[in-house]
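Everything on this sheet refers to the single structure shown next.
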Amino acid sequence: MTAPLLHTRCPELVRTLPFHRLGDGPTPVRRLTGTARDDLWCKDESRYGSGGWGGNKVRKLEWLLPELRRRGTRTVLTVGATGTNWGLAATLYARELGIDTVLALIDQPEDEHVREQLHRLRASGAAIHRTRTKPRTIAALPWLFLRHAHGLRPPAYLPPGGSAPIGVLGYVEAGLELAAQVAAGDLPEPRHIVTPVGSGGTAAGLALGCALAGLRSRVLGVVVNDTLPLATKDLTRLADRTATLLRRRGASFDLPPLRLVSTRTHLGDGYGHPTPEASAAAEAAASAGLRLEPVYSAKAFAAALTAAVDGPALFLNTYGPRG
Ligand SMILES: Cc1ncc(COP(=O)(O)O)c(C=O)c1O
């Protein structure tokens, strides 16, 4: 198994932060042709992951799952919307390590994309509870912990999107990987890196990874979730908590200021509500060979097409369907 760059960069972490590789890096970078701008690049996370699902959740699980295994966890409980990519990836990859998954699902606007995902979730082996709204989900949690306990041991809780600091390490790793690709001349140093923001771990981790590696790129997080409308300061706090985790586990490093900003310009009417700009962006992406979905990646791509044109921009393709 190839060692993660984070272990190479901070050898102190080898003994304190277990890692379990689930995908092959580096993920490809390429210049996108046929879009409205000619300096738009893509780092394609869609194929990352060896199992039945890919995309940005897999890198988070590479750090979350071995930590859970170390603690002897048999069942995890997590929360997502009915089209959750996170819930699906968590279920499929946790099962590979012998861990069961319980999902509490909150309703989102239902379209073909969501119905297909719900179908995949039902087939995944997760124990599914349709708790429908955020307040009902919070109220149901104590019962769900009891219902799925093994003896006296309740399931371990994973936050939505896997955006606990340990999960965020997945995108610190991606930031280090990107810096190595820039150093190798595979792409120019991006001025902006554009990524969707649901639970925030991807944007926060990337900004921290880029800072650790000395890249000057600014991460532009495109907020798509109005129930967790993460502002720049929230993303920065998550990145800071992740840096603290690394230091607590023995790493030492100097950190330049993070270059990270969030925008709500592409949220439209809220989570899962389509926007005309995102629909047009998904079509433009398709002609550049990218398959996007309407909830996250199409809204971020719309932002990438219009982000400031003072240098190359990099779009992070976070959506990982299989088949
Ligand atoms: C396809 C896709 N892109 C982006 C995101 C957002 O990533 P994060 O939760 O790390 O902000 C998610 C999940 O929430 C997702 O499923």
Side-chain angles (χ1 to χ4, degrees), residues 27 42-49 53-64 78-93 103 105-106 108 113-114 116-118 120-121 158-175 193-209 219-232 234-239 241-242 260 262-264 266-267 271-272 278 281-282 285 290-304 315-322:
T27 52
C42 173
K43 181 166 172 65
D44 196 352
E45 298 287 277
S46 67
R47 303 307 303 171
Y48 197 85
W53 195 253
N56 68 331
K57 304 309 177 190
V58 184
R59 289 190 190 264
K60 297 178 179 183
L61 291 162
E62 291 185 318
W63 299 92
L64 286 164
T78 191
V79 176
T82 36
T84 177
N85 299 310
W86 154 245
L88 183 61
T91 305
L92 297 175
Y93 291 97
L103 298 177
L105 297 185
I106 298 174
Q108 74 181 86
H113 160 73
V114 171
E116 274 175 20
Q117 192 68 351
L118 203 45
R120 291 188 192 105
L121 287 165
L158 288 180
S163 288
I166 290 199
V168 174
L169 294 179
Y171 274 85
V172 177
E173 177 73 12
I193 304 172
V194 185
T195 185
V197 171
S199 59
T202 304
L206 265 181
L208 178 56
V219 173
L220 176 63
V222 181
V223 174
V224 302
N225 189 345
D226 54 325
T227 66
L228 281 176
L230 299 173
T232 304
D234 303 306
L235 296 178
T236 305
R237 196 174 309 130
L238 183 55
R241 284 171 57 212
T242 307
L260 172 61
S262 85
T263 171
R264 298 178 58 155
H266 290 270
L267 184 54
Y271 184 77
L290 291 177
R291 177 174 164 196
L292 307 184
E293 45 66 60
V295 181
Y296 296 92
S297 48
K299 287 184 177 175
F301 196 65
F315 168 68
L316 191 80
N317 182 17
T318 50
Y319 180 48
R322 293 287 188 266

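Atoms within each ligand, like the ligands themselves, are counted from 1 in listed order. This is a predicted model, so every value here is computed, not measured. Just the heavy atoms: all of them, side chains too, but no hydrogens, waters or symmetry mates, feed the values below.
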Residues that Glu45 engages under salt bridge (charged side-chain N to carboxylate O under 4.0 Å, His left out), provided they are two or more places apart: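 Only Arg59 meet the salt bridge (charged side-chain N to carboxylate O under 4.0 Å, His left out) criterion with Glu45.
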Looking at residues at least two apart in the chain, or sitting in another chain, which of them share a salt bridge (charged side-chain N to carboxylate O under 4.0 Å, His left out) with Asp44?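 Result, salt bridge (charged side-chain N to carboxylate O under 4.0 Å, His left out) vs Asp44: none returned.
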Judged by atom type as modelled, is there a donor-acceptor pair below 3.5 Å linking the side chain of Thr318 to the main-chain atoms of Asn56?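 A pair under 3.5 Å: no.
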side-chain contact (heavy atoms from CB on, under 4.5 Å) with Ala302: which residues, sequence neighbours excluded?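 Partners of Ala302 under the side-chain contact (heavy atoms from CB on, under 4.5 Å) test: His266, Glu277, Ala281.
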Can you check side-chain contact (heavy atoms from CB on, under 4.5 Å) on Ser262 and Leu230, steps first, answer last? CA-CA 7 Å; Ser262 85; Leu230 299 173; 5.8 Å; no
Per the side-chain contact (heavy atoms from CB on, under 4.5 Å) rule, which among Val194, Val219, Thr195, Thr27 passes with Leu316?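 Single side-chain contact (heavy atoms from CB on, under 4.5 Å) partner of Leu316 among Val194, Val219, Thr195, Thr27: Thr195.
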Distances under 3.5 Å, N/O of ligand 1 against N/O of the protein: list each pair and its distance.
residue	atom	partner	partner atom	Å
ligand 1	3 (N)	Thr318	OG1	2.6
ligand 1	7 (O)	Asn56	ND2	3.0
ligand 1	7 (O)	Lys57	NZ	3.3
ligand 1	7 (O)	Thr202	OG1	3.4
ligand 1	9 (O)	Lys57	NZ	3.1
ligand 1	9 (O)	Ser199	N	2.9
ligand 1	9 (O)	Ser199	OG	2.5
ligand 1	10 (O)	Lys60	NZ	2.6
ligand 1	10 (O)	Gly201	N	3.3
ligand 1	10 (O)	Thr202	N	2.9
ligand 1	10 (O)	Thr202	OG1	2.6
ligand 1	11 (O)	Gly198	N	2.7
ligand 1	11 (O)	Ser199	N	3.2
ligand 1	11 (O)	Gly200	N	2.7
ligand 1	14 (O)	Lys57	NZ	2.9
ligand 1	14 (O)	Tyr296	OH	3.2
ligand 1	16 (O)	Asn85	ND2	2.6

